[in-house]
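To keep things clear, I will list the structure first and then write my remarks on it.
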Protein chains: 2
Amino acid sequence: MSGTRDRLIEATAELFRRQGYHGTGVKQIVETARAPFGSMYHFFPAGKEELGAETIRRSGAIFGQLIGYFYAAGTDPVAATRMFFDAAAQTVHESDYADACPIATVALEVASMSEPLRLATAEVFESWLTTLDTHLVEAGLTKTQARKLSVSLFSLLEGSFILARATRDHTHVRAAGRAAAAAVRTALEKRATRRADPAERFPESRRSPAT
Amino acid sequence: MSGTRDRLIEATAELFRRQGYHGTGVKQIVETARAPFGSMYHFFPAGKEELGAETIRRSGAIFGQLIGYFYAAGTDPVAATRMFFDAAAQTVHESDYADACPIATVALEVASMSEPLRLATAEVFESWLTTLDTHLVEAGLTKTQARKLSVSLFSLLEGSFILARATRDHTHVRAAGRAAAAAVRTALEKRATRRADPAERFPESRRSPAT
DNA sequence: GTCTATAATTTGATAGAC
DNA sequence: GTCTATCAAATTATAGAC
């Protein structure tokens, strides 16, 4: 059917990832997509903002699937974390520091500028956190523990993406991945400890002198 | 003398933080700074890019001083981390999710677009890491340990800023701060352990069955 | 649905009077 | 150094033929 619409979104996604929302012009989008100018406003009557929202959701879904692929059911969360960050670091490096998070740049740009676009980025991020939550809960964490850890994993990834792209040093993403894996391991150990040692349910007991 | 130049930079800094580089027009800058249009090109002959680079360095220096204030000599790094993230979360909240990192948006925007601006952001980030490194080394970590931890602290802060602004939930920054403080505490404990127990210098020994 | 021409506005930047 | 008028180009968006 209308492959043009898809090409427009794919082209926009690629340009947004590298240049952000305001750094990408509509003209550049239709040129990249090899689509006629008028088709853009045919498929997206509300213009750039509508195309932007659609692109954010599409890019977010794809990246979310990638997260789900690494954090698949039955996979060790510690290993998954290490592998995911390492793969991300490799992609950042191989793309010459162009391809990191597909929507982070746009998210920061529109956070205080466009409520529809901000909402789209928020929904995407929330879906990523939910994916991580689910897997961490399967691994034994409570929902509260899982959510806190998911926020840390998200932050370590996104923050290290910023640092890597700015300094052109992808090892920052690997380093953040090591810290992330350690955080996951610690969280899982705490769970194991609590289950194995009921006394640990009383935090006050930890105030006793170290052995 | 020329307060006009300073006002231009200050206005640009404020606009960049909220709207990014491409989302901020030169006209808007001079209006915000209440400066005549011509003055901009008088003080910054190379135009927006030159003003942008100057602004990145200025904003970066101010935020770097803030980091140095929290991580002052003699301060407990764990407490400093918790307090810094909490203060950041509060600022994000009180500014209605407008004021987070002063240069992160610009850093992502220009990473693949302008080498002079990218370099400015890289230098700023590097200076922040160095400030953190110094304090962590004073607290007893090796340079290698300190740098890894600094990258994690940076990433947790920047990543949680993205999440907080997108979702309009500043508690994400607090949560990341808790994880950051925990990472600092763990790193310092490892240091203490190694100093107290020379056997720990041989990682292989940890492979022995748990007691 | 496709494509071109063009409108309307905004962009970064300059010239030149004061 | 200040300020205005203005430029050329790029921006988003529309109209209308095909």
Side-chain angles (χ1 to χ4, degrees), chain A residues 1-56 105-106 109-110 112-118 120, chain B residues 1-56 58 105-106 108-118 120-121:
Chain A
M1 298 294 179
S2 87
T4 300
R5 198 187 125 99
D6 282 334
R7 284 208 316 284
L8 283 168
I9 294 176
E10 286 165 16
T12 306
E14 186 177 321
L15 293 168
F16 276 10
R17 187 197 291 248
R18 291 166 161 75
Q19 308 176 340
Y21 184 83
H22 293 110
T24 302
V26 175
K27 183 180 286 184
Q28 189 184 11
I29 291 173
V30 297
E31 283 172 359
T32 304
R34 275 165 310 191
F37 198 91
S39 293
M40 209 222 101
Y41 287 90
H42 170 72
F43 291 110
F44 306 96
K48 188 185 181 184
E49 196 172 38
E50 184 182 357
L51 171 59
E54 188 76 18
T55 299
I56 289 167
T105 310
V106 175
E109 281 182 282
V110 305
S112 305
M113 298 268 280
S114 161
E115 194 60 9
L117 295 181
R118 193 222 104 217
Chain B
M1 293 296 178
S2 85
T4 300
R5 198 186 123 99
D6 282 334
R7 284 207 316 284
L8 283 169
I9 294 177
E10 286 165 16
T12 306
E14 187 177 321
L15 294 168
F16 275 10
R17 188 197 290 247
R18 290 167 163 75
Q19 309 176 338
Y21 185 83
H22 293 109
T24 302
V26 175
K27 184 180 288 185
Q28 189 183 11
I29 291 174
V30 298
E31 282 172 2
T32 303
R34 276 165 308 190
F37 197 91
S39 293
M40 211 223 100
Y41 288 91
H42 169 73
F43 291 111
F44 306 96
K48 187 185 181 182
E49 195 172 38
E50 183 182 358
L51 170 60
E54 188 76 17
T55 299
I56 289 166
R58 175 81 70 94
T105 310
V106 176
L108 286 178
E109 281 183 281
V110 306
S112 304
M113 299 267 282
S114 162
E115 194 58 12
L117 294 181
R118 194 220 103 220
T121 63

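Keep in mind it's a predicted model, so treat the numbers as computed, not measured. By convention in this document, chain letters (A, B, ...) are assigned in the order of the sequence lines, proteins followed by strands, and residues within each chain are numbered from 1.
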Separation of D:dA10 P from B:His22 NE2 (nearest whole Å): 14 Å

Interatomic distance, A:Asp6 CG vs C:dG1 C1' [rounded to whole Å]: 15 Å

Pairing residues for A:Pro36 by the side chain to side chain contact (heavy atoms under 4.5 Å, CB included) criterion, not counting sequence neighbours: A:Ser39

Set of side chain to side chain contact (heavy atoms under 4.5 Å, CB included) partners for B:Glu31, sequence neighbours left out: B:Lys27

Ring pair (Phe, Tyr, Trp, His ring centres under 6.0 Å) pairs, two or more places apart, involving residues 11-33 of chain A: A:Phe16-A:Tyr21

Contacts of A:Val30 that satisfy side chain to side chain contact (heavy atoms under 4.5 Å, CB included) - sequence neighbours left out: A:Leu8, A:Phe37, A:Met40

OG1 on B:Thr121 to CD1 on B:Ile56, rounded to 0.5 Å: 6.0 Å

Over all atoms of both residues, closest heavy-atom pair of A:Ser112 and B:Arg18: CB-O, 4.0 Å

N or O in side chain of A:Thr4 less than 4.0 angstrom from C:dT2 OP1/OP2: yes

Proximity to DNA chain D (any heavy atom under 4.0 Å), residues of residues 45-52 of chain A only: A:Gly47, A:Lys48

Any residue meeting side-chain hydrogen bond (donor to acceptor under 3.5 Å, both in side chains) with B:Glu50, in chain and number order, not counting sequence neighbours: none

Closest approach of B:Ala33 to B:Arg7 (non-hydrogen atoms, all atoms of both residues): O-NE, 2.8 Å

Atom-pair distance (CZ on A:Phe44; P on C:dG1), nearest Å: 12 Å

With A:Thr24 via side-chain hydrogen bond (donor to acceptor under 3.5 Å, both in side chains) - residues at least two apart: A:Gln19

B:Ala35 to B:Thr4 - nearest heavy-atom pair and separation: CB-CG2, 3.8 Å

N or O in side chain of B:Tyr41 less than 4.0 angstrom from C:dT14 OP1/OP2: no

Nucleotide D:dA13, atom C1' - distance to NE2 of A:His42 in whole Å: 16 Å

Residues touching DNA chain C, which here means a heavy atom under 4.0 Å, drawn from residues 24-32 of chain B: B:Thr24, B:Gly25, B:Val26, B:Lys27

Heavy-atom donor-acceptor pair, B:Thr55 side chain to B:Leu51 backbone, under 3.5 Å: yes

Can you tabulate the close N/O pairs, meaning under 3.5 Å, that link protein atoms to atoms of nucleotides 4-9 of chain C?
none

C:dT2 OP1/OP2 closer than 4.0 Å to side-chain N/O of A:Ser39: yes

Nucleotide D:dA13, atom C1' - distance to CE of A:Met40 in whole Å: 9 Å

Integer-rounded Å distance: D:dT2 C1' and B:Phe43 CZ: 9 Å

Residues forming a salt bridge (Lys or Arg N to Asp or Glu O under 4.0 Å) with A:Glu54, sequence neighbours excluded: A:Arg5

Distance, rounded to the nearest Å, where A:Leu15 contributes CG and D:dT11 contributes P: 12 Å

Closest approach of B:Met113 to A:Gly23 (non-hydrogen atoms, all atoms of both residues): CE-O, 4.1 Å

side-chain hydrogen bond (donor to acceptor under 3.5 Å, both in side chains) against A:Arg118, all qualifying residues, sequence neighbours excluded: A:Glu115

Nucleotide pairing, DNA chain D (Watson-Crick or G-U, distances under 3.5 Å), in dot-bracket with [ ] and |: ||||||||||||||||||

Protein-nucleotide distance (B:Leu117, atom CG; C:dG12, atom C1'), rounded to Å: 14 Å

